[in-house]
Novice: 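My questions will all concern the structure given below.
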Amino acid sequence: MPLLRNADIPTTKVTDSIATRYSVAVIGSWAAETATYPFDLTKTRLQIQSEVAAAKHGYKLENHGMIKTAVSIAKNEGVLKLWTGLMPMFQRHAIYSGSRIIIYEKFRNCFKDENGKVSLGVASLGGLVAGSLAQLIASPTDLVKVQMQAEGRRLIQGKPPRFANCRQAYAMLYAESGILGFWRGAVPNVQRAALVNMGDLATYDYTKQFLMREFGMADNALLHAAAAFTAGFVAAVLGMPADVLKTRLMNQPVGPDGRGTLYRGMIDCLQQSVKNEGIFSLYKGFIPLWMRLGPWALINWIVFENIMLSIGGQTF
């Protein structure tokens with residue numbers, strides 16, 4: 001039997017290894033998160049400030065816009081409070097952002113044609129699969145983030161403090177509902193992530209390839225920016241309704257049995273929200289979400305792509 005020469009053994013460059021691409025994806029998401037996080041906090045507050053179901057349990061109804069809400073947070077709670085919950089968000093991206101990139105690329109590679117391209121349908125399905133699996137794993141960190149984001153509003157309304165930091169928030173949730181309680185709101189959270197990643201990963205991938213193929217654009221920062229801007233808008237439109245339901249389910253108080261006291265589940269939350277506040281309640285906080293997802297996608301993809309280019313790896 002002939003011996004294999006070193007040149008005959010398939011190898012993977014360190015710069016294109018799963019560990020490298022995973023790590024670079026996490027770095028890109030952390031950079032984007034730090035820059036755009038205040039929009040996420042503002043969006044969460046907008047989604048719960050006029051929640052009729054919560055008002056029936058003693059919470060004060062409000063009806064502020066995006067700017068007034070953000071200014072109110074900075075004025076009444078401090079400017080740094082606009083970054084409340086950033087630590088569990090970093091924890092989330094350490095799991096979520098690396099996983100979604102690896103899962104999507106593995107899925108895409110299975111369906112490439114002879115020219116190395118995939119259809120929009122395949123890219124969309126890949127985004128759904130990658131977003132769903134990554135978010136299912138990372139859902140507990142999202143729950144803690146939402147709880148921390150909503151805590152400042154509770155204190156202003158005269159409610160007693162429940163925790164002082166991220167670690168205490170995890171401990172409180174575990175004491176309330178046990179391990180499974182960390183996946184409260186996981187269904188709409190996974191649905192949101194699936195739709196957002198169909199908008200982000202699939203739209204970015206397809207738009208980038210389309211612009212390179214049809215307009216001859218080079219694989220540079222201008223191309224990355226154009227594809228990222230498109231991806232951010234599509235992700236916001238597709239993911240917004242599930243994002244509202246996810247926020248409300250995660251933010252609701254729980255009873256002695258560890259179950260939510262406002263909604264029986266996702267369908268009940270959807271029905272109550274539409275019945276009490278109208279269909280457009282499902283797009284409450286859309287502007288700050290878009291203002292977050294657009295720049296988020298832009299920063300995330302530019303950082304990811306440029307780090308990969310700088311170390312001699314393959315871009316997305």
Side-chain angles (χ1 to χ4, degrees), residues 39-70 72-73 85 124 127-128 131-132 135-136 139 142-143 145-154 157 159 177 181 183-200 203 232-255 257-294:
F39 289 110
D40 186 73
L41 178 66
T42 303
K43 176 264 300 180
T44 297
R45 293 288 183 89
L46 283 170
Q47 289 173 346
I48 63 175
Q49 70 176 0
S50 57
E51 194 175 1
V52 173
K56 296 176 182 178
H57 288 72
Y59 287 85
K60 180 183 177 182
L61 282 176
E62 299 166 334
N63 190 25
H64 302 319
M66 179 187 72
I67 296 177
K68 188 174 181 180
T69 298
S72 176
I73 294 170
S124 299
L128 286 170
S132 299
Q135 185 55 61
L136 182 62
S139 195
D142 241 352
L143 175 61
K145 180 210 69 169
V146 169
Q147 292 286 329
M148 293 184 72
Q149 287 180 334
E151 184 68 3
R153 179 172 176 264
R154 291 182 75 260
Q157 293 195 346
K159 305 290 182 180
S177 309
W183 274 266
R184 186 200 319 165
V187 173
N189 206 11
V190 167
Q191 290 176 336
R192 170 193 174 277
L195 293 170
V196 165
N197 279 278
M198 184 172 69
D200 184 24
T203 302
F233 178 76
V234 175
V237 172
L238 293 177
M240 188 74 234
D243 188 79
V244 172
L245 299 180
K246 177 262 301 186
T247 296
R248 292 185 169 188
L249 284 169
M250 286 184 165
N251 181 62
Q252 67 175 326
V254 296
D257 59 355
R259 296 179 179 274
T261 60
L262 304 184
Y263 310 108
R264 294 189 300 274
M266 184 187 66
I267 300 300
D268 184 47
C269 182
L270 172 64
Q271 292 175 337
Q272 287 198 53
S273 296
V274 173
K275 179 181 178 181
N276 296 331
E277 304 161 55
I279 189 68
F280 289 108
S281 65
L282 300 179
Y283 278 88
K284 189 166 292 183
F286 177 78
I287 297 300
L289 179 67
W290 182 25
M291 292 180 68
R292 164 179 159 76
L293 285 180

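Not measured: the values here are computed from a predicted model.
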Novice: I'd like to check W183 versus L136 (side-chain heavy atoms, cut-off strictly below 4.5 Å). Are they in contact?
Specialist: yes
Novice: Report yes if some heavy atom in the side chain of L262 is under 4.5 Å from a heavy atom in the side chain of R248; otherwise report no.
Specialist: no
Novice: Can you tell me how far the CG atom of L270 sits from the OH atom of Y263, to the nearest 0.5 Å?
Specialist: 11.0 Å
Novice: Do D40 and Q149 meet the criterion of a side-chain donor-acceptor pair at a distance under 3.5 Å?
Specialist: yes
Novice: Under a 3.5 Å distance rule, please check whether D200 uses its side chain to pair with a backbone N or O of V196 as donor and acceptor.
Specialist: no
Novice: Which residues pass the side chain to side chain donor-acceptor pair (under 3.5 Å) test with S139, not counting sequence neighbours?
Specialist: N189
Novice: Taking all atoms of both residues into account, what is the closest heavy-atom pair of S281 and S273, and its distance?
Specialist: OG-O, 3.3 Å
Novice: What's the separation between atom NZ in K68 and atom CG in L46, rounded to the nearest 0.5 Å?
Specialist: 12.0 Å
Novice: Quick one: pull up CG in N197 and OG in S124 and give me the separation to the nearest 0.5 Å.
Specialist: 11.5 Å
Novice: Using only atom types and a distance under 3.5 Å, with no angle test, would you say the side chain of T261 pairs donor to acceptor with the backbone of P253?
Specialist: yes
Novice: Quick check: do R184 and V254 have side-chain heavy atoms less than 4.5 Å from each other?
Specialist: yes
Novice: Among residues at least two apart in sequence or on other chains, which ones pass side chain to side chain donor-acceptor pair (under 3.5 Å) with Q147?
Specialist: R162
Novice: Rounded to the nearest 0.5 Å, what separates atom NZ in K145 from atom OG1 in T247?
Specialist: 6.5 Å
Novice: Which residues pass the salt bridge (Lys or Arg N to Asp or Glu O under 4.0 Å) test with R259, sequence neighbours left out?
Specialist: none
Novice: Throw together a table of side-chain donor-acceptor distances under 3.5 angstrom for residues 237-246, partners on residues two or more places apart or in other chains.
Specialist:
{"unit_1": "D243", "atom_1": "OD1", "unit_2": "K43", "atom_2": "NZ", "d": "3.4"}
{"unit_1": "D243", "atom_1": "OD1", "unit_2": "R192", "atom_2": "NE", "d": "2.4"}
{"unit_1": "D243", "atom_1": "OD2", "unit_2": "K43", "atom_2": "NZ", "d": "2.9"}
{"unit_1": "D243", "atom_1": "OD2", "unit_2": "Q47", "atom_2": "NE2", "d": "2.7"}

Novice: Looking at every non-hydrogen atom in both residues, tell me the closest pair between L128 and A194 and how far apart they are.
Specialist: CD2-O, 3.3 Å
Novice: Within this structure, what is the CD1-OG distance for the pair I67 and S72, rounded to the nearest 0.5 Å?
Specialist: 13.5 Å
Novice: Compare every heavy atom of Q252 with every heavy atom of L249, then report the nearest pair and how far apart it is.
Specialist: O-CG, 3.1 Å
Novice: Go through the structure and list residues passing side-chain contact (heavy atoms from CB on, under 4.5 Å) with I287, not counting sequence neighbours.
Specialist: M66, M291
